[in-house]
Visitor: 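Below is one structure. I have some questions about it.
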Amino acid sequence: MIRQGTTSLIDTCVWMPTSLEEAWDLKKKYGENAAFIAGGTLMQTHWAKGLNCPSHLISLDHMNEMKGWGEELVNGQTYTRLGAGITLDFCRQNKNLFHPLLVEAAKNIAAPAVRNRGTIGGNIANGFGDMIPALLAMDAFLTLYDGNSTHSLPLSDYIKTNNQSLIISVLVPEDQTKRFFYKKLCHREAFTPSVITVAGSFNLNEKRKLTAVRLALSGGSTHPQRLYESEQLLEGSTLTNNHLQKVYQVINEEFIPSTDPFSTATYKRLVASNWVVSEIARLAT
Amino acid sequence: MDMKEQAEVMTPPKMELSLTINGANYELQVPPTKRLVTILREELNFTGTKISCEVGRCGACAVQMNNQLVNSCLVMAYQANHASIITIEGLSGEELDPIQRVFLEEGGFQCGYCTPGMMMAVHALLATNQAPSEEQIQEALSGNLCRCTGYGGIIRAVQKAISNNNQK
Amino acid sequence: MPIQTSSLDKKKKIRPDGPGKVTGELKYLTDLSFPGMLYGKILRSTEPHAEIQSISTELAKQLPGVRAIVTYEDVPGLNGFGLIFPDQPVLCEDRVRYVGDAIAAVAADTIEIADEALQLIQVVYKKLPVIIEPEKALHPNAPKLHPDGNLLHRAHYSKGDVEKGFELCTHIVEGTYELPRQMHAYMETEGGVIVPEVDGNLTVYVGTQHGFKDRYQLARILNMNESDIRIVSSPMGGSFGGKDELNVQPYGALLALATNCPVKIHNTRRESVRAGLKRHPMKITMKTGVDDTGNIISHKVKIVADTGAYATLGPAVLDFAVEHAPGPYIIPNIEIEGVSVFTNNGVAGEFRGFGGNQVTFALEGQMDRLAERLQMDPIEFREKNLRQVNSPGPLGQKVAPTSGAKDVLEAIKQKLTNITNENDSLEKWKVTGTGVAISIHGGGLGAGRMDPAGGRLSFTSEGKIEVAFGFEECGQGLLAVIETLIMEEFHCMEDDIHIVIGDTDSVPVSGSSTASRATSMVWNSIQRMKDTFRSKILERATKVTGLPVEDLCMGPNGIWFKDDNLCITFVELAEKTLHEPFIKVETSFDFPTSPDAVVDGSHFLYAFSSVLAKVEVDLLTGKIKVLTLDQAIAAGPVVSLLGYQGQIEGGGIMALGYSLMEEAKMENGHYVNDNFDTYLIPTIQDVPFVMNVEAIEKLQDGDIYGPRGVGEIGTIAVAPAIVKAIHDATGCWISKLPVSREVLLEHLSSRGEKRWI
């Protein structure tokens, strides 16, 4: 039986809706006593730690809208659409379908057996997933269902609020021109929550100035953040050692990580600054 | 159309669970959130699948579900419905699987408690990649903890399995 | 070939328990089930230190499906256990001293019901001040955790005059080394089934490292005769010292007796973390001085061990640490003082290495720092001070002569010359470094301790050579050791042998499967029994075949005539001599001890190791990756190649975890990381893809003691080698484990601004 802390949960009810409306109505009906679930890999771990397991689980397994992938044209820009139900391992394995940054991010999450169950939608919805910085660095959108309609929202806005909408899919701009990086630090080489994850992207124009700079950070217990001020400082700049040192300091001030029992915020800031600056220096020179 | 009417619901204490394990069909009545590892070990006595962390962080309970490696402690009954499961008991027929043989020959285990899950992971790797690189071996087995061997024997066993494959 | 020894291919055998393990057919004791079996759960304290004001089980008892609930009132015998003295309550009556303390146990029809019943048991606590630091526990005003206070054990050794010695020194290094609480993290958590038999006896199917000791402790708790209890203690999914002490057995036994039903208890990982033993956290201060030519003159050591709430093997672990504080070096002036202190932290006890890991980290750290001070090559500095073949043991006692220390150092020196010391990392922000450390490690329980050994050989009516030992298979490969030695001795086949271990009803007293002693004692037992056994078998064969005994020998499947003709199979021999008295040879003896040891627990037989580590340090994060972890081991002849290699590599990686990531953190008496999602042990990605183990099999002429065990030696010198490699790469000395990336990064950042481009 699944466990919530030391309690075995024997009464949990599982719903298998087949449409967004149906899923939403169930959630509305049971409110706090219900939760959407896809792979459930992280949720089960949370319950085991004693976090509240709702008495109704609403499975998203039969949600056709969340399946598959494809190309989509929105306002003249081509996007890769990834259904929220795509597993992390599917993303990792399909270099030909997905942007290398996504593949890299997926590869660094958990281990194969977890990636085979865990979904992209779940990774985003849990609020701390390591796909988030990669998607932020790529200006990804989410397609959401809020009970009334389906609409898109930039991921950078989604993370700012406690958005309870259902994630249907992720839209990633198809942009092969940008330079990008993704780095994740764990307490060991693999299969453990992130201490800190950084992702970034930028274009280098013909004058060797940086444009469209995106910097995103997160970590096991640190909320995903875009570093707007640092991005601004880099935007339009030509790299010099002095300028990078300035960026280094701004990142160190702008990034707000949490302290947890295993790492201090000071350390996380130091690593974040080191990584962002060294990666930009590497990619821009 | 009233969607709510159509929503299938699996209410405790029982759901009808239908699954294939190592090629044989099983029909069971279990609570929908019962974990696959418990179903295998307690209900069906497939004790080759081990239990250790129960949060998907050690791989001792790893099995293959529809040809994919999963931690059976993180799969609830309703998620396994109509699935095909392969456990360690299903890996060998009359003869040992080549992976089992190389684990024996190269010391790919000591206490043996991680071994069933480890071999399911190796099997899943070699089923899709006949000649994995060092990095691919490490990545594919990164979710299976072993406290005894330091992984040396496991690595040698996998390498031997690969070279045996290549000689075929 | 990653392991180099002589004549080894023949020893690369498939282990007898292998097929069952790779097919999943082998039943571990936690896989067993019996008809009518109930499930047990143990209620443990929520408080690290409190008075129990009341325990109410009434509500829980009313829950349908609950079959029995036991509390302290239901313990018929001694309400206590502990391998040295029984200071840990089986079920607490009026006080809890750590979060693993048991208060009640429930047997129910299902685990779910048992879980629910635990929630319904009401315990009213009155919180008491929580002591989490040994130093504070020793303060005269600290609350006493036990009647005799908070000092569990003090161990002391001195020779010469350290203070005068320091006056003669040109360089003195003083450092404090801090070692973490490490978790055994065996993959199979504690558990099994306890079965009440129809004749009133009790069978306990629960893994342990010493079946007879469990039987003794359980008899005392249950107020039963030892002969009425049978312990089936093997196989186990790992132990590493952690299952030597009683764990779930008393609760299963009390519940089985109360319900007259088999009761299964299998700890969840979180329960295991909370209740189980850990490696002792230690704070070790060493002051070591050398003269200007690099001779160590004086060595002063202070060890403070946090033993947690109860004694278990705490005193012995401290004694071991004290004994190994001088290491394999000759030092004229020594003063070592150790204290093991009760706190309200998790109970610390036996763990592979047994105090040697901690003290060797400190000692080898001192050696490297002194070498730097002397501007001397660290290996040369060690050579200069190294023990010789006939040198006394670390505490001046007579020991079996050995060149092991010299041999392992020489071997690692060779390896070091093959490895580039240049920074060969291609990445801009990464640097590499190498480090070497050595260790000495005693086998057996030591002087002044009961340490019986023994075994039995018999010829069964089915025609098998039955070999019986009171040892357990924890995964270490003991079965392969026994099979290999019997095959070597009697030239028989695997099929001719029947091995019996891990069952108190059918094994002789062999002592514990601990202290790197089992392989050694199996070999010694067989040496004592082989000639008698062989001559008895051959005599019998002569009787049956009429062939002269001097022309017969034992061989594959039976008795051979003049080495080339199988004249009677073992099976035929058994069939034809069913009326004859049973052939049985037994031996019992004690583990060899030093004739003149003055300090309890000091050893006579030692093994040695040297480690070469190469690391890569990431200058941007402080992350360390171990690229090379090679070991040379001097522990006598290799018996079972795969077992030996597995013990050294596996021990090495366990120590890699100890060095870089493992710490069972406690905050105010509560575990912070309670499962494998936060307590991190190395994955396959954390280890060097290739490790090399060199076995130095040489023994001194006339050495009669045979192979030494290698269960622990591979864990000892790894941490100091890794830390020295980090120093080599970065110039930063680390004295606290696991190595903090933060500390390292801080150190690296203090060097000023980076050149980014």
Side-chain angles (χ1 to χ4, degrees), chain A residues 1-4 8-26 28-29 37-49 53 55-59 61-62 87 89-90 92-93 107-118 186 188-193, chain B residues 1-15 30-35 37-39 42 53-79 81 117 120-121 124-125 128-129 135-136 138-145:
Chain A
M1 214 61 62
I2 52 172
R3 282 163 182 271
Q4 180 179 308
S8 303
L9 300 174
I10 52 176
D11 302 327
T12 314
C13 200
V14 181
W15 296 84
M16 305 291 289
T18 52
S19 74
L20 293 171
E21 293 80 6
E22 205 182 325
W24 191 263
D25 287 350
L26 284 164
K28 220 164 82 184
K29 182 171 172 189
I37 184 167
T41 50
L42 186 70
M43 292 169 81
Q44 291 182 73
T45 310
H46 284 168
W47 301 333
K49 285 210 171 295
C53 171
S55 44
H56 294 267
L57 295 175
I58 306 165
S59 165
D61 291 354
H62 293 174
T87 63
D89 209 64
F90 185 83
R92 180 194 70 93
Q93 290 209 12
K107 185 181 154 186
N108 280 285
I109 296 172
V114 174
R115 290 198 292 262
N116 281 333
R117 301 288 307 154
C186 301
R188 69 180 172 203
E189 292 291 330
F191 202 23
T192 166
Chain B
M1 185 165 66
D2 186 356
M3 302 304 291
K4 268 179 270 182
E5 291 295 308
Q6 284 194 357
E8 186 193 349
V9 60
M10 284 171 273
T11 43
K14 301 287 178 196
M15 69 172 275
V30 295
T33 57
K34 189 151 194 167
R35 298 175 305 175
V37 67
T38 319
I39 295 169
E42 308 281 335
C53 78
E54 301 184 70
V55 290
R57 290 299 176 275
C58 76
C61 68
V63 300
Q64 287 173 22
M65 182 160 94
N66 299 332
N67 297 318
Q68 286 197 312
L69 191 72
V70 298
N71 295 311
S72 61
C73 72
L74 289 185
V75 174
M76 292 181 267
Y78 83 91
Q79 295 174 310
N81 206 5
M120 297 315 290
L125 167 69
T128 54
N129 185 349
E135 195 194 337
Q136 287 169 327
Q138 289 189 307
E139 190 185 314
L141 304 183
S142 62
N144 294 78
L145 300 179

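Naming convention: chains lettered A, B, ... in sequence-line order (proteins, then strands); numbering from 1 in each chain. When reading the values below, keep in mind they use all heavy atoms of this one structure, side chains included, and skip hydrogens, waters and symmetry mates. It should be emphasised that the depicted structure is a prediction, and the values quoted were computed from it without experimental measurement.
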Visitor: Are B:V9 and A:C13 close enough that some pair of their side-chain heavy atoms sits under 4.5 Å apart?
Guide: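 Yes. Closest side-chain heavy atoms under 4.5 Å.
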Visitor: Going by the rule salt bridge (charged side-chain N to carboxylate O under 4.0 Å, His left out), which residues pair with A:R3 if we only count those two or more places apart in sequence or in a different chain?
Guide: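 Checked A:R3 against salt bridge (charged side-chain N to carboxylate O under 4.0 Å, His left out); matches are C:D115.
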Visitor: Answer with side chain, backbone, both or neither: which region of B:I39 has an atom nearer than 4.5 Å to a non-hydrogen atom of chain A?
Guide: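 Contact with chain A is absent: no heavy atom of B:I39 under 4.5 Å.
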Visitor: Please give me the minimum heavy-atom distance between B:A140 and A:P112, naming the atom from each residue.
Guide: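 Closest heavy-atom pair between B:A140 and A:P112: O-CG, 3.5 Å.
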Visitor: Please look at A:D61 and chain B and tell me whether the side chain, the backbone, both or neither of the residue comes under 4.5 angstrom of a heavy atom of that chain.
Guide: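 Interface part for A:D61: side chain.
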Visitor: Evaluate side chain to side chain contact (heavy atoms under 4.5 Å, CB included) for B:V55 paired with A:Q44, printing each intermediate quantity in order.
Guide: CA-CA 7 Å; B:V55 290; A:Q44 291 182 73; over 6 Å; no
Visitor: Checking heavy atoms, do the side chain of B:T38, its backbone, both or neither come under 4.5 Å from chain A?
Guide: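 Side chain of B:T38 only, per the 4.5 Å heavy-atom cut-off to chain A.
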Visitor: Does the pair B:Q138 and A:E189 meet the rule for a side chain to side chain contact (heavy atoms under 4.5 Å, CB included), with working shown?
Guide: CA-CA 10 Å; B:Q138 289 189 307; A:E189 292 291 330; over 6 Å; no
Visitor: Do the side chains of A:R117 and B:L74 get nearer than 4.5 Å, heavy atoms only?
Guide: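 Not in contact.
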Visitor: Return the set of residues passing side-chain contact (heavy atoms from CB on, under 4.5 Å) with B:A121 (not counting sequence neighbours), or none when no residue passes.
Guide: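 side-chain contact (heavy atoms from CB on, under 4.5 Å) check on B:A121 returns B:L69, B:L141, B:N144.
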Visitor: Examine distances only and state if a side-chain atom of B:E139 and a backbone atom of A:N108 form a donor-acceptor pair shorter than 3.5 Å.
Guide: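 Between the backbone of A:N108 and the side chain of B:E139 there is no qualifying donor-acceptor contact (under 3.5 Å).
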Visitor: Is it the case that more than 12 heavy atoms not belonging to B:N66 sit under 6.0 Å from its CG atom?
Guide: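 Yes.
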Visitor: First locate atom OG1 of A:T12, then atom OH of B:Y78, and finally report the distance between them rounded to the nearest 0.5 Å.
Guide: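 The OH atom of B:Y78 is 10.5 Å from OG1 of A:T12, to the nearest 0.5 Å.
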Visitor: Which atoms of B:M120 come close to chain A, meaning under 4.5 Å heavy atom to heavy atom: side chain ones, backbone ones, both, or neither?
Guide: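 For B:M120, no heavy atom lies under 4.5 Å from chain A.
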Visitor: Look at the side chain of B:E8 and the backbone N and O of A:M16, then say whether any donor-acceptor pair between them is shorter than 3.5 Å.
Guide: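 Not confirmed, B:E8 side chain does not pair with A:M16 backbone.
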Visitor: Sort B:C73 into side chain, backbone, both or neither according to what part of it lies under 4.5 angstrom from a heavy atom of chain A.
Guide: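 Just its backbone gets close to chain A.
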Visitor: Once you round to the nearest 0.5 Å, how far does CG of A:L9 lie from NZ of B:K34?
Guide: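 Nearest 0.5 Å value for the CG-NZ distance: 13.5 Å.
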Visitor: With respect to chain B, which residue among A:L57, A:D89, A:T45, A:I58 yields the maximal number of heavy-atom pairs within a distance under 4.5 Å?
Guide: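 That would be A:T45.
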Visitor: Between CD of B:Q68 and OG1 of A:T87, what distance do you get to the nearest 0.5 Å?
Guide: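 Nearest 0.5 Å value for the CD-OG1 distance: 6.0 Å.
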Visitor: Counting only non-hydrogen atoms closer than 4.5 Å, does B:C58 touch chain A with its backbone (N, CA, C, O), its side chain (CB onward), both, or neither?
Guide: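 Just its backbone gets close to chain A.
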Visitor: Do you know which of A:T41, A:T192, A:V14 has the most heavy-atom pairs with chain B at a distance under 4.5 angstrom?
Guide: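 Top option by heavy-atom pairs under 4.5 Å: A:V14.
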Visitor: Nearest 0.5 angstrom please: B:M76 CE to A:I2 CD1, how far?
Guide: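 Rounded to the nearest 0.5 Å, the CE-CD1 separation comes out at 5.5 Å.
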